[in-house]
Amino acid sequence: PPLVALRGVGVRFANGTEALAGVDLEVRSGEFLSLLGPSGCGKSTLLRLVAGLIRPSSGEVVFSGGGRPGDIGFVFQDPTLMPWATALANARLPLRLRRVARSEADARAATALAAVGLAGFERAWPRELSGGMRMRVSIARALVTRPSLLLMDEPFAALDEINRHRLNDDLLRLRAESGVTVAFVTHSVFESVYLSSRVAVMAARPGRVVADLPVPAPFPRP
Ligand code: ADP
Ligand code: ADP
């Protein structure tokens, strides 16, 4: 069964904005789904439904196992690191909040940082890191709990092109190594084709899914 299934989902906000209408979409285990579409087509709203952060106004969102998904990593456009904490301390925060012992949390945070290309930067402060490196720390923080589902809302939007490509390649490697299920929002056709195994193309007013396509791998991948 899919990890999450949206069936005939509509979202209408209190001010009357119809953010989504009649959306049918499944997120299946192991896939790398991209949501592609213009601003305002409801990509962020769709991601928040998948995360269980908001409820649909019509239709239903069904999570595998019945309940809300237990473990989801969410990466926002802005990395929002704690400036007074090292890369390692930022990455281990979700484990400390779950009362995982300090030594185990440190070991797992170091592994997560290494997975995004930041081995050796454990003691660095956010201000010492580039924009791309800060985004990697935020991805490590989302991965440190080993979520079954990683959701990312335009994680590369604020990055320059070179850092964006580095991160793209890191994510492909991560996916190959961990098999984590990923759904991410992008404005970039290139990122959809290069990174994802499936793309849901969306249109605006009202937000809806107008195409749902498998993506074969047209480029050599790292
Ligand atoms: P996208 O991520 O594709 O840019 P969003 O999901 O953020 O689109 O927004 C879809 C539509 O819903 C937009 O018209 C947006 O202005 C509107 N919207 C988003 N959040 C709210 C909200 N909390 N209240 C009212 N309208 C909202
Ligand atoms: P900015 O985004 O601030 O322009 P850069 O992305 O160019 O900064 O990175 C600053 C420095 O950090 C550069 O010398 C870059 O090569 C280096 N750097 C970036 N990512 C890594 C990494 N994963 N490992 C080692 N060095 C890195």
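Because the structure is a prediction, the values reported are computed rather than measured. Order of listing sets the numbers, starting from 1, for every ligand and every atom in it. Just so you know, residue 1 is the first one in the sequence shown, and it goes up from there.
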Checklist entry - Of the choices Gly40, Pro206, Gly16, which has the non-hydrogen atom that lies closest to atom 4 (O) of ligand 1? => result Gly40
Checklist entry - Of all the heavy atoms in Gly37, does at least one lie under 4.0 Å from an atom in ligand 1? => result no
Checklist entry - Is it true that Gly207 lies under 4.0 Å from ligand 1, counting heavy atoms only? => result no
Item to check | Neighbour count >12 (heavy atoms, 6.0 Å) for atom CG, Leu97 | outcome: yes
For [atom], find the nearest protein heavy atom and state the residue, atom name and distance (0.1 Å precision).
atom	answer
atom 8 (O) of ligand 1	Gly42 N, 3.1 Å
atom 12 (O) of ligand 1	Ala19 CB, 3.5 Å
atom 7 (O) of ligand 1	Ser44 CB, 3.7 Å
atom 15 (C) of ligand 1	Thr17 CG2, 4.7 Å
atom 18 (N) of ligand 1	Phe13 CE1, 3.5 Å

Next on the checklist: Heavy atoms only, cut-off 4.0 Å: how does Thr45 contact ligand 1, side chain, backbone, both, or neither?
Outcome noted: both
Next on the checklist: Here's a test for you: under side chain to side chain contact (heavy atoms under 4.5 Å, CB included), which of Asn168, Asp169, Asn163 qualifies with Arg166?
Outcome noted: Asn163
Which ligand 1 atoms, with their elements, are less than 4.0 angstrom from a heavy-atom of [X]?
X	result
Ser39	4 (O)
Cys41	3 (O), 8 (O)
Lys43	1 (P), 2 (O), 3 (O), 4 (O), 6 (O), 8 (O)

Checklist entry - Is there any N or O on Arg48 that sits under 3.5 Å from an N or O of ligand 1? => result no
Checklist entry - When the ring centroid of Phe156 is compared with that of His165, is the distance short of 6.0 Å? => result no
Checklist entry - Is there a side-chain hydrogen bond (donor to acceptor under 3.5 Å, both in side chains) between Thr80 and Asp78 once you walk through the steps? => result CA-CA 6 Å; Thr80 59; Asp78 172 358; 5.2 Å; no
Inspect the contact between [Y] and [X] and indicate whether a charged nitrogen and a carboxylate oxygen are less than 4.0 angstrom apart.
X	Y	result
Glu104	Arg108	yes
Arg55	Glu60	no
Arg98	Asp71	yes

Next on the checklist: Do Leu35 and Leu47 make a side-chain contact, defined as non-hydrogen atoms from C-beta onward lying under 4.5 Å apart?
Outcome noted: yes
Next on the checklist: Looking only at side-chain N and O atoms, does Ser44 offer a donor or acceptor that is under 3.5 Å from a partner on Asp153?
Outcome noted: yes
Checklist entry - Does atom 25 (C) of ligand 1 have a protein heavy-atom neighbour under 4.0 Å away? => result yes
